Amino acid sequence: YMVEGVLGSGAFGTVYEVFDTKTSTELALKVLNKNMLAHRYAGDMMLREGKILQRLEHPNVLKCYEVWEENGVVYIATELLQGDTLATHLEENTQLDPVFVLTVAEQLADALAHLHERGVTHRDIKPENIMIDAMGYSKLIDMGFAKKVRGKTFTMCGTPEYLAPEIILNKGHAFGADWWCVGILAYECLYGQTPFVANDTMEGYRKIIKCRVIWPSSLPLSIRSLLRNSVLRLTP
C-alpha cells in the first residue's frame, strides 16, 4: 500500500488513504499500534473487528479486504467511502425526511439480517456508526462491539440511550437488541431526539425499562405503527 494522506485519527488509531498497487484501488487503512496504548485490549478489539468484517459481504456493510498484525501494530484495509455519517446528517438537519429515514432503516435491516445469519450481533447501532456514501446508500462502518454469539451474551456494552431493556436488566441479549436499536435510531432521525431522553443515565435506564414513549403528533401513524410493532418492540 502507498500512503496518500491521513483521513482521521483518534484514540483507536489513525486512518490513512492508501493506494493498493496490486489492484490499483484506493482504500482506507486503519492502523493501531498496540504498544502505544495504556490498555492493550483495544488493539485486540480492533483485530476482532477486522476479522468479523472479513466474514461479511453485503452492500450495506463496510467491505474489509485485509486484516493483519505485525510487531504489535494492527492493520485493517477497507473500502474507501466518500460521504458523511448519519450523525452528521442529524447535526445539519435535526429532523430528517421520513422517506430517507425509512430507506436507511430498510438498508440497515438488510445488513443486520446478513450479520445475524452468520451468528454476529452488532451491539452498537447508532448514527455515528452508519455512513451515508456519495450515492446515498447507508453502510455499517464500525464493528468494535460486534460479537459472534450462540444463545445469549451478557456483556454490558453499547450507547446508553440505545440499550435494549434486556441489556440493562442483565437478562442476556442476542439479535433482538440490534432490532431495538433500529427503532431507536429511526425515532431519533424522525423526531430529533431518542425516545428516552433523560437528565442522567440511570433515569434514562428507568425510562427504557418502562418502555413508555411519547409519540409526536407530527409522526405519521404508519411510521408510528412500524416503530412500535416491528422494530422498537413497544406497547401503544
Side-chain angles (χ1 to χ4, degrees), residues 1-91 104 107-108 110-112 114-116 118-149 155 157-159 162 178 181 185:
Y1 300 117
M2 293 176 57
V3 176
E4 297 187 331
V6 177
L7 295 173
S9 60
F12 281 83
T14 303
V15 182
Y16 299 92
E17 181 176 348
V18 299
F19 181 74
D20 186 342
T21 57
K22 292 182 179 180
T23 63
S24 298
T25 306
E26 300 286 343
L27 301 176
L29 183 66
K30 191 173 182 179
V31 180
L32 178 65
N33 189 335
K34 295 168 67 174
N35 299 319
M36 301 295 290
L37 297 172
H39 301 285
R40 293 179 62 87
Y41 76 88
D44 295 332
M45 190 170 84
M46 181 171 146
L47 192 61
R48 186 180 73 244
E49 173 188 3
K51 290 181 178 179
I52 288 177
L53 275 172
Q54 274 192 309
R55 301 191 194 111
L56 306 174
E57 186 71 36
H58 191 277
N60 299 115
V61 177
L62 180 69
K63 183 174 179 56
C64 179
Y65 294 95
E66 191 174 14
V67 54
W68 76 98
E69 181 179 358
E70 185 177 352
N71 297 324
V73 181
V74 179
Y75 302 86
I76 302 178
T78 68
E79 65 178 308
L80 178 64
L81 297 178
Q82 302 293 338
D84 294 306
T85 65
L86 187 58
T88 300
H89 283 262
L90 277 170
E91 290 172 3
V104 170
Q107 294 175 352
L108 179 57
D110 284 344
L112 287 175
H114 179 74
L115 266 68
H116 297 170
R118 284 150 184 79
V120 176
T121 179
H122 188 277
R123 305 197 299 174
D124 197 24
I125 299 295
K126 59 183 179 180
E128 290 81 359
N129 289 340
I130 298 173
M131 176 74 80
I132 308 299
D133 68 18
M135 299 299 292
Y137 293 102
S138 60
K139 286 181 179 282
L140 271 175
I141 60 172
D142 193 316
M143 296 284 168
F145 286 128
K147 182 179 182 180
K148 191 172 180 63
V149 297
T155 309
C157 65
T159 301
Y162 276 74
D178 284 343
C181 288
L185 181 138

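Basis for what follows: all heavy atoms, side chains included, without hydrogens, waters or symmetry-related copies. Computed from a prediction, not measured in an experiment: that's the story for all the values here.
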**Prompt:** Would you call the rings of Y1 and W68 parallel, tilted or perpendicular if under 30° counts as parallel and over 60° as perpendicular?
**Reply:** parallel
**Request:** Verify whether one side chain among E128 and T85 offers a donor that lies under 3.5 Å from an acceptor in the other.
**Result:** no
**Asked** Do you know the tightest heavy-atom contact between S138 and V104?
**Response** OG-O, 3.9 Å
**Request:** Using distance alone, with no hydrogens and no angle criterion, decide if T25 and D20 have a side-chain donor and acceptor under 3.5 Å apart.
**Result:** no
**Asked** Without hydrogens or angle criteria, can the side chains of H89 and D84 be said to hold a donor-acceptor pair below 3.5 Å?
**Response** no
**Request:** Would you give the length of the straight line joining atom CE of M131 to atom NZ of K139, rounded to the nearest 0.5 angstrom?
**Result:** 10.5 Å
**Separation of I125 CD1 from L112 CG (nearest 0.5 Å)** = 4.5 Å
**Nearest atoms (heavy-atom pairs only) where L27 meets E79** = CD2-CA, 4.3 Å
**Asked** Is E49 reaching over with its side chain to a backbone N or O of M143, donor-acceptor style, under 3.5 angstrom?
**Response** yes
**Asked** Is there a side-chain contact between V6 and V15 (heavy atoms, below 4.5 Å)?
**Response** no
**Any L115 side-chain heavy atom under 4.5 Å of V61 side chain** = yes
**Message:** As an exercise, state the distance from OG1 of T78 to NZ of K30, rounded to the nearest 0.5 Å.
**Reply:** 9.0 Å
**Asked** Looking only at atom types and distance, does a side-chain atom of H122 sit under 3.5 Å from a main-chain N or O of D142, one as donor and one as acceptor?
**Response** yes
**Request:** Just do the side chain to side chain contact (heavy atoms under 4.5 Å, CB included) check on I132 and Y137 with the steps written out, would you?
**Result:** CA-CA 5 Å; I132 308 299; Y137 293 102; over 6 Å; no
**Asked** At their closest point, which heavy atom of I52 faces which heavy atom of A146, and how far apart are they?
**Response** CD1-O, 3.4 Å
**Complete:** Rounding to 0.5 Å, atoms CG (L140) and CD1 (I130) come to a distance of 6.0 Å
**Prompt:** When rounded to the nearest 0.5 angstrom, what is the spacing between OH in Y162 and CG in N129?
**Reply:** 10.0 Å
**Request:** Taking all heavy atoms of P127 and all of L90, pick out the closest pair and write down the distance.
**Result:** CG-CD1, 3.8 Å
**Prompt:** Do L108 and N60 have side-chain heavy atoms sitting under 4.5 Å apart?
**Reply:** no
**Message:** Contact between D124 and T159 at the side-chain level, heavy atoms closer than 4.5 Å - yes or no?
**Reply:** yes
**Asked** How about V18 and M2: do any of their side-chain heavy atoms sit closer than 4.5 Å?
**Response** no
**Request:** Answer yes or no on whether K63 is positioned over the face of Y65, meaning its NZ or CZ is under 6.0 Å from the six-membered ring centre and within 45° of the axis.
**Result:** yes
**Item:** 4.5 Å side-chain heavy-atom contact, L29 and Y75
**Value:** yes
**Prompt:** About how many Å separate SG of C64 and NZ of K51, when rounded to the nearest 0.5 Å?
**Reply:** 11.5 Å
**Message:** Using modelled atom types and a 3.5 Å cut-off, is there a donor and acceptor pairing between side-chain atoms of D178 and backbone atoms of R123?
**Reply:** yes
**Fill in**
Smallest heavy-atom separation, L53 atom then L62 atom, equals CD2-O, 3.4 Å
**Message:** Is it the case that atom CD in E26 sees more than 12 heavy atoms from other parts of the structure closer than 6.0 Å?
**Reply:** yes
